[in-house]
Amino acid sequence: MSVRLIMIALLLALPCGEALAQEAIGTVSRVQGEASGILGGTTLPLTPNGSVFLNEVLSTGEAARLEVTFTDSTRLTLGENAKLTLGTYVFNPVASRRTIKFALVGAARFVSGKLSKWMLSRVSLTTPVANVGIRGTDFFAGPIDNQALGVLLLEGSVSVSNAAGQRLLSRPGQGTNIAAPGAAPGPVTIWPQAKVDRALAGVAFQ
């Protein structure tokens with residue numbers, strides 16, 4: 001048994017009053033470089049085929065990548081120096097319901113599981129400058145070209161909103177930028193291929 005699994009087993013054995021309730025919600029499907037998870041106040045390395053848990057905070061290091069596949073087959077890839085907090089995850093295929101609320105700092109690519117097309121889903125990704133509301137989709141979100149946040153739609157649709165405004169991306173290739181914290185999402189445009197390439201390179205495995 002790995003050190004990570006031993007530590008998780010110990011955390012799960014603690015009384016509820018002494019540790020956060022933990023629930024495995026996905027698996028590390030790929031990792032490049034250094035990646036770790038903070039669980040119950042303990043930082044442990046992330047390795048392929050290891051579980052990730054509700055309330056865990058996943059982090060990547062310099063030039064690192066991390067791909068997690070969740071139980072509904074959703075895949076999320078983190079770029080370097082990123083952080084993802086697994087705040088809410090409910091997947092009930094019997095009741096055809098799914099709720100995901102994660103918080104992101106840095107760059108990520110989100111690809112919804114196939115089942116999402118037939119489910120009642122409430123899925124969102126919160127960043128420091130905006131909330132991204134997600135419908136069965138594939139998109140990039142993260143800082144790009146000196147902007148605080150760029151969101152690029154590859155499939156499906158997403159809304160990008162904050163207190164200053166909202167934009168809807170509904171066609172593949174559309175993107176919006178937020179220049180700085182507090183600024184409204186900018187106009188929806190078709191991103192040039194060079195910018196698309198830069199965005200996807202930031203979350204691609206080498």
Side-chain angles (χ1 to χ4, degrees), residues 8 12 16 20-30 37 39 46 49-58 66-79 82-142 149-178 184-185 188 190-191 199-200 203:
I8 289 170
L12 291 171
C16 291
L20 292 173
Q22 310 296 340
E23 176 186 349
I25 59 174
T27 303
V28 175
S29 39
R30 285 193 292 175
L39 183 65
L46 293 169
N49 302 316
S51 295
V52 298
F53 292 80
L54 192 65
N55 298 316
E56 188 166 10
V57 180
L58 312 182
L66 174 68
E67 180 188 83
V68 176
T69 301
F70 295 93
T71 55
D72 68 323
S73 298
T74 289
R75 286 184 291 110
L76 195 149
T77 304
L78 291 180
K83 181 181 293 185
L84 182 73
T85 302
L86 307 179
T88 300
Y89 184 89
V90 178
F91 175 53
N92 187 334
V94 176
S96 295
R97 293 184 180 277
R98 183 182 69 154
T99 302
I100 299 174
K101 294 181 181 179
F102 293 162
L104 170 70
V105 177
R109 182 172 179 176
F110 183 102
V111 182
S112 288
K114 294 179 181 178
L115 291 176
S116 65
K117 297 179 181 178
W118 294 278
M119 302 192 73
L120 296 174
S121 294
R122 291 184 298 171
V123 183
S124 64
L125 192 64
T126 301
T127 77
V129 297
N131 183 68
V132 182
I134 305 162
R135 296 184 181 275
T137 195
D138 179 357
F139 72 94
F140 161 90
L149 179 72
V151 179
L152 168 68
L153 181 68
L154 299 165
E155 182 180 345
S157 65
V158 297
S159 64
V160 182
S161 61
N162 59 23
Q166 178 175 351
R167 298 290 185 180
L168 176 66
L169 309 181
S170 58
R171 292 174 48 198
Q174 286 183 332
T176 184
N177 299 303
I178 296 178
V188 175
I190 297 295
W191 282 14
L200 297 184
V203 291

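FYI, side chains are in, hydrogens and waters are out, and symmetry mates aren't considered; it's all heavy atoms of this structure. The shown structure was predicted, so the numbers you read here are calculated from the model rather than taken from an experiment.
Looking at every heavy atom in both residues, Thr77 comes nearest to Val203 through CG2-O, 3.2 Å. Nearest approach of Ala184 to Gly165, heavy atoms of both residues: CB-N, 4.3 Å. When every heavy atom of Ala107 is checked against every heavy atom of Phe140, the shortest pair comes out as CB-CE1, 3.9 Å.
Side-chain atoms of Thr127 come within 3.5 Å of backbone atoms of Val129 as a donor-acceptor pair (strictly under, hydrogens ignored). Although no hydrogens or angles enter the test, the distance criterion places a donor-acceptor pair under 3.5 Å between the side chain of Gln174 and the main chain of Ser170.
One finds the CG atom of Leu78 at 6.5 Å from the CG atom of Leu104 (value rounded to the nearest 0.5 Å). In this structure, the separation between OG1 on Thr69 and CD on Glu67 is 5.0 Å, given to the nearest 0.5 Å. Note that OG of Ser157 is 10.0 Å distant from CD1 of Ile134, once rounded to the nearest 0.5 Å. Expressed to the nearest 0.5 Å, how far CG of Asn49 lies from CZ of Arg30 amounts to 13.0 Å. Atom-to-atom distance recorded for Thr176:OG1 and Leu153:CG is 11.5 Å, nearest 0.5 angstrom.
By the 4.5 Å heavy-atom criterion applied to side chains, Ser121 and Thr99 are not counted as neighbours. Residues Asp138 and Arg109 have side chains in contact (heavy-atom distance under 4.5 Å, counting atoms from C-beta outward). Under the 4.5 Å side-chain criterion, counting only non-hydrogen atoms from C-beta, Pro185 is not in contact with Asn177. Residues Leu154 and Leu200 have side chains in contact (heavy-atom distance under 4.5 Å, counting atoms from C-beta outward). Side-chain contact between Leu76 and Val111 is absent, with no heavy atoms from C-beta onward closer than 4.5 Å. A heavy-atom distance below 4.5 Å is not found between the side chains of Asn131 and Lys101. Put simply, the side chain of Leu169 does not reach to within 4.5 Å of the side chain of Phe139, judged on heavy atoms. Side-chain atoms of Ser124 and Val132, non-hydrogen and from C-beta on, never get closer than 4.5 Å to each other.
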Steps toward ring-ring contact (aromatic ring centres under 6.0 Å, His included) verdict (Phe102, Phe70)
CA-CA 12 Å; Phe102 293 162; Phe70 295 93; 5.2 Å; yes
What verdict does the side-chain contact (heavy atoms from CB on, under 4.5 Å) test give for Val28 and Val52, after you've listed the backbone C-alpha separation in whole Å, the side-chain angles of each residue and the deciding distance to 0.1 Å?
CA-CA 7 Å; Val28 175; Val52 298; 4.0 Å; yes
Ile178 vs Val160, test: side-chain contact (heavy atoms from CB on, under 4.5 Å). Steps then yes/no.
CA-CA 9 Å; Ile178 296 178; Val160 182; 4.3 Å; yes
Check against side chain to side chain donor-acceptor pair (under 3.5 Å), Arg167 and Ser161:
CA-CA 6 Å; Arg167 298 290 185 180; Ser161 61; over 6 Å; no
Candidate pair Val158 and Val151, rule side-chain contact (heavy atoms from CB on, under 4.5 Å), full reasoning
CA-CA 9 Å; Val158 297; Val151 179; 4.1 Å; yes
Start with the C-alpha distance between Leu125 and Leu84, add both sets of side-chain angles, then the distance that settles side-chain contact (heavy atoms from CB on, under 4.5 Å), and finish with yes or no.
CA-CA 9 Å; Leu125 192 64; Leu84 182 73; 4.1 Å; yes
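Under 3.5 Å, the side chains of Arg98 and Thr74 contain a donor-acceptor pair of N or O atoms.
The residue from Leu39, Leu58, Asn55 that alone fulfils the side-chain contact (heavy atoms from CB on, under 4.5 Å) condition with Leu86 is Leu58.
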